[in-house]
Amino acid sequence: MFDVLETLNTPAYILEETKLRRNCELLAKLAEKSQAKVLVALKGFAFSKAMSIVGEYLSGCACSGLWEAKFAKEFMDKEIHTYSPAFKDDEIDEIAKLSHHIVFNSVHQLMQFQTKIKQSKIGLRCNLEFSMAPKELYNPCGAFSRLGIRACDLENTDLNRVSGLHFHALCEENAESLEQVLKVFEKKFKNFLHRVQWVNFGGGHHITKKGYNIEKLVELCKRFSDKYGVQVYLEPGEAVGWQCGVLAARVLDLVSNEKMIAILDTSSEAHMPDTLLMPYTSEVANARIIATREGEKISEKRQGEFVYVLGGNTCLAGDIMGEYAFKKELERGDVVFFLDQIHYTIVKNTTFNGVRLPNLVLYTSEKQFKIVREFSYLDYAKRN
Ligand SMILES: Cc1ncc(COP(=O)(O)O)c(C=O)c1O
């Protein structure tokens with residue numbers, strides 16, 4: 001997949017600059033056509049040395065609290081929008097200094113902190129009680145959700161300091177889902193929409209995925225901002241980091257137990273957590289998926305192929321990536337590449353079992369590998 005790899009330490013997340021730029025260009029074009037401002041949600045995509053690249057195209061960062069706001073300031077220094085399910089008393093002053101927008105999750109937090117907010121614009125997160133999210137784990141508007149304020153709970157609230165509204169109701173969804181969500185939002189929050197200057201449509205827009213209906217998204221954003229005279233914001237995370245890099249891992253050993261099994265110097269649990277949570281089976285470069293990580297058969301082995309179960313280097317029995325067919329036999333020392341492993345990996349990984357954190361590598365447009373961070377024993381020792 002890449003030319004020079006023998007010397008590259010594994011495991012490593014390799015972010016490909018040209019692919020990241022391609023995503024960002026598309027998002028920048030969308031912003032230009034729709035007049036919406038696009039922020040990168042750091043919870044989904046944070047890669048220190050690439051933030052200045054993203055900042056060439058997008059308006060700023062959507063942050064989940066103090067540390068992400070500090071990261072946004074340090075590595076991009078554009079608009080900073082901070083929302084948290086609950087802000088802490090001892091952090092709010094610093095967050096307020098850093099953030100252009102602060103979004104509160106409850107009327108209580110608005111009342112508690114609004115006097116401390118001097119410069120930032122204040123917004124409220126709305127709970128639409130409607131979502132098309134594919135799974136309850138990723139449904140912020142489901143029953144008993146703690147995320148956002150229901151329209152009925154906003155009546156009779158003093159909204160003097162509030163200049164914007166925010167919702168987040170999508171997960172890897174298309175523009176048609178957003179259309180449905182907007183209908184509900186407009187209906188439920190109609191009493192408040194004419195009073196605000198900005199509305200944030202949250203994340204979950206799968207904009208850079210092939211087949212996404214960008215024209216529809218442009219039309220929805222434009223129509224909405226024209227109708228209410230507001231600035232629309234979008235804050236995708238996944239769409240920024242979508243398919244723009246890999247997790248490279250080495251085969252440490254090959255064992256057999258009725259099937260051939262390759263043990264890698266990575267872990268699905270520690271380095272690709274969404275493969276277990278979503279769950280899904282990651283694609284691997286130059287290989288076909290034969291069975292999912294749970295063992296469900298996907299396709300038959302073809303003649304001349306070599307099939308391996310790929311497994312992680314932890315003691316978790318289920319630390320399995322899946323079963324794959326390769327065109328050539330795997331050998332100890334070979335490198336395999338798990339595709340699309342940049343978003344929601346680096347931001348979520350752990351040192352479970354004392355496994356090494358994958359290094360961060362930038363593969364530049366000039367086809368150079370730049371080591372951004374190398375992790376060591378200290379990273380494990382310091383957090384345990
Ligand atoms: C409030 C908020 N904004 C933005 C995002 C980013 O979503 P995505 O990475 O799916 O675009 C999330 C994800 O959970 C979120 O909770």
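Numbering of ligands and ligand atoms starts at 1, following listing order. When a residue number appears, it is its place in the shown sequence, counting from 1.
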- Listed partners of Phe224 passing ring pair (Phe, Tyr, Trp, His ring centres under 6.0 Å), at least two apart: Phe201, Tyr228
- Does any pair with a residue in residues 35-53 pass salt bridge (charged side-chain N to carboxylate O under 4.0 Å, His left out), and if so which ones, sequence neighbours excluded? Lys37-Glu79
- Query: What do you reckon, is CD of Glu305 surrounded by more than 12 foreign heavy atoms closer than 6.0 Å?
  - Reply: yes
- Message: Looking at Lys135, I want to see if its NZ is surrounded by more than 12 non-hydrogen atoms of other residues, nucleotides or ligands under 6.0 Å.
- Response: yes
- Task: Could you pull out the closest heavy-atom pair between Arg383 and Asn349, with the gap in Å?
- Result: NH2-O, 3.7 Å
For ligand 1, find each of its N or O atoms that sits under 3.5 Å from a protein N or O atom, and tabulate the pairs with distances to one decimal place.
residue: ligand 1; atom: 3 (N); partner: Glu235; partner atom: OE2; Å: 2.7
residue: ligand 1; atom: 7 (O); partner: Gly204; partner atom: N; Å: 3.4
residue: ligand 1; atom: 9 (O); partner: Gly237; partner atom: N; Å: 3.3
residue: ligand 1; atom: 9 (O); partner: Glu238; partner atom: N; Å: 2.9
residue: ligand 1; atom: 9 (O); partner: Tyr344; partner atom: OH; Å: 2.6
residue: ligand 1; atom: 10 (O); partner: Gly204; partner atom: N; Å: 3.3
residue: ligand 1; atom: 11 (O); partner: Gly204; partner atom: N; Å: 2.8
residue: ligand 1; atom: 11 (O); partner: Gly237; partner atom: N; Å: 2.9
residue: ligand 1; atom: 16 (O); partner: Lys43; partner atom: NZ; Å: 3.3
residue: ligand 1; atom: 16 (O); partner: His168; partner atom: NE2; Å: 3.4

- Item | Linked hydrophobic residues, Val307 as query - side chain contacts closer than 4.5 Å | Ile290
